[in-house]
Amino acid sequence: MIRRHKDMSVVDAVRLKNGNGEASIINILEAGEMYGAGRLFCITKMKPGVSAGVHTHVGDFETYYILKGRAGVNDNGKYYELEPGDMIQCKEGDFHGIENIGEEELEYLAVIMYSR
């Protein structure tokens, strides 16, 4: 399968996970294309100050890989700053949140896989 960027679905998420502002989610794969192994494979873009609120993962786990910008992340109550090339994984039962703390757009790859 090949999908051109222009053909990927884009979702504008207002207050993602009760965060602030509006994030743009570019779906690389749709949930039904992940063969039951996961539910999200996307690039998320956030303008400065935009965030995804703190949330817990139940039945799945999520990995963020920072592509561009600076992120502040809550990893189970501990705060970290991430930059391009850094990653964070939230395991099943854990919680996390992410915010653009930089002056440019934040872009990160997000993958949610089901726990087995």
Side-chain angles (χ1 to χ4, degrees):
M1 169 176 59
I2 293 181
R3 178 174 291 128
R4 305 285 182 192
H5 182 265
K6 67 181 179 63
D7 297 324
M8 293 178 188
S9 68
V10 179
V11 177
D12 292 324
V14 178
R15 295 185 41 81
L16 183 61
K17 300 292 183 182
N18 292 314
N20 296 318
E22 183 175 321
S24 181
I25 299 170
I26 303 164
N27 289 301
I28 298 169
L29 289 176
E30 300 295 329
E33 297 170 334
M34 296 185 71
Y35 297 96
R39 64 182 177 89
L40 182 74
F41 180 33
C42 73
I43 292 175
T44 302
K45 296 182 178 187
M46 296 177 166
K47 294 189 182 317
V50 174
S51 66
V54 174
H55 58 283
T56 301
H57 281 267
V58 177
D60 59 29
F61 60 97
E62 185 169 25
T63 303
Y64 296 154
Y65 179 80
I66 308 302
L67 299 168
K68 175 181 160 188
R70 291 183 53 234
V73 296
N74 178 332
D75 180 27
N76 284 305
K78 294 182 182 176
Y79 180 80
Y80 300 93
E81 292 186 8
L82 303 180
E83 56 189 33
D86 294 341
M87 66 80 73
I88 178 176
Q89 184 178 73
C90 183
K91 297 177 184 173
E92 178 179 13
D94 288 352
F95 63 90
H96 68 154
I98 187 168
E99 177 180 13
N100 182 348
I101 60 169
E103 296 181 14
E104 66 177 325
E105 188 170 63
L106 171 65
E107 290 184 17
Y108 61 92
L109 181 68
V111 179
I112 298 178
M113 303 296 291
Y114 296 124
S115 302
R116 299 207 185 250

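- Atom NZ of K47 has 12 or fewer neighbouring heavy atoms from other residues, nucleotides or ligands inside a 6.0 Å radius.
- When the shell of 6.0 Å around OH of Y79 is examined, it contains more than 12 heavy atoms from other residues, nucleotides or ligands.
- With E62 as the partner, the side-chain hydrogen bond (donor to acceptor under 3.5 Å, both in side chains) test is satisfied by one option alone out of K91, H57, Q89: H57.
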**OP:** For the pair S24 and D12, evaluate side-chain contact (heavy atoms from CB on, under 4.5 Å) and give the outcome as yes or no after the intermediate values.
**Re:** CA-CA 5 Å; S24 181; D12 292 324; 3.7 Å; yes
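- Scored by the side chain to side chain contact (heavy atoms under 4.5 Å, CB included) test, N20 finds R15, S51 as partners (sequence neighbours excluded).
- Screening K45, E99, M46 for a side-chain contact (heavy atoms from CB on, under 4.5 Å) with L106, the sole residue that qualifies is M46.
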**OP:** Output, in order, the C-alpha distance, side-chain angles, deciding distance and verdict of salt bridge (charged side-chain N to carboxylate O under 4.0 Å, His left out) for R3 and E33.
**Re:** CA-CA 12 Å; R3 178 174 291 128; E33 297 170 334; 2.5 Å; yes
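- Linking Ile, Leu, Val, Met, Phe, Trp and Tyr whenever their side-chain heavy atoms come within less than 4.5 Å leaves L109 and I25 in two separate clusters.
- With hydrogens and angles ignored, the 3.5 Å screen pairs no side-chain donor or acceptor of N74 with any backbone N or O of H96.
- Side-chain heavy atoms closer than 4.5 Å link hydrophobic residues (I, L, V, M, F, W, Y) into clusters, and following such links, possibly through other members, connects V50 to V11.
- Between the CG atom of N76 and the CG atom of D94 there is a distance of 4.0 Å, given to the nearest 0.5 Å.
- Between P48 and G102 the shortest heavy-atom distance is CB-O, 3.4 Å.
- Taking hydrophobic clusters as Ile, Leu, Val, Met, Phe, Trp and Tyr residues chained together by side-chain heavy-atom distances below 4.5 Å, Y114 does not share a cluster with F95.
- Across all non-hydrogen atoms, the minimal contact from T44 to A110 is OG1-CB, 4.5 Å.
- No continuous path of hydrophobic side-chain contacts links V54 to I101 [ILVMFWY only; heavy atoms under 4.5 Å].
- Atom CG of residue L29 and atom CE of residue M1 lie 5.0 Å apart, to the nearest 0.5 angstrom.
- Interatomic distance, D86 CG to Y108 OH, rounded to the nearest 0.5 Å: 14.5 Å.
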Original post:
Would V14 and E22 count as a side-chain contact (heavy atoms from CB on, under 4.5 Å) if you check the C-alpha gap in whole Å, the side-chain angles of each, and the deciding distance to 0.1 Å?
Top reply: CA-CA 4 Å; V14 178; E22 183 175 321; 3.8 Å; yes
Original post:
Checking side-chain contact (heavy atoms from CB on, under 4.5 Å) for the pair K68/E105: CA distance, chi angles, key distance, verdict?
Top reply: CA-CA 7 Å; K68 175 181 160 188; E105 188 170 63; 4.3 Å; yes
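- Looking at every heavy atom in both residues, S9 comes nearest to E30 through OG-OE2, 2.5 Å.
- Under the 4.5 Å side-chain heavy-atom criterion for ILVMFWY residues, a single connected hydrophobic cluster contains both M87 and I28.
- When side chains are defined from C-beta on, I66 counts as touching I98, because their heavy atoms get closer than 4.5 Å.
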Subject >> side-chain contact (heavy atoms from CB on, under 4.5 Å) between Y80 and I88, intermediate numbers included >> reply: CA-CA 10 Å; Y80 300 93; I88 178 176; 5.7 Å; no
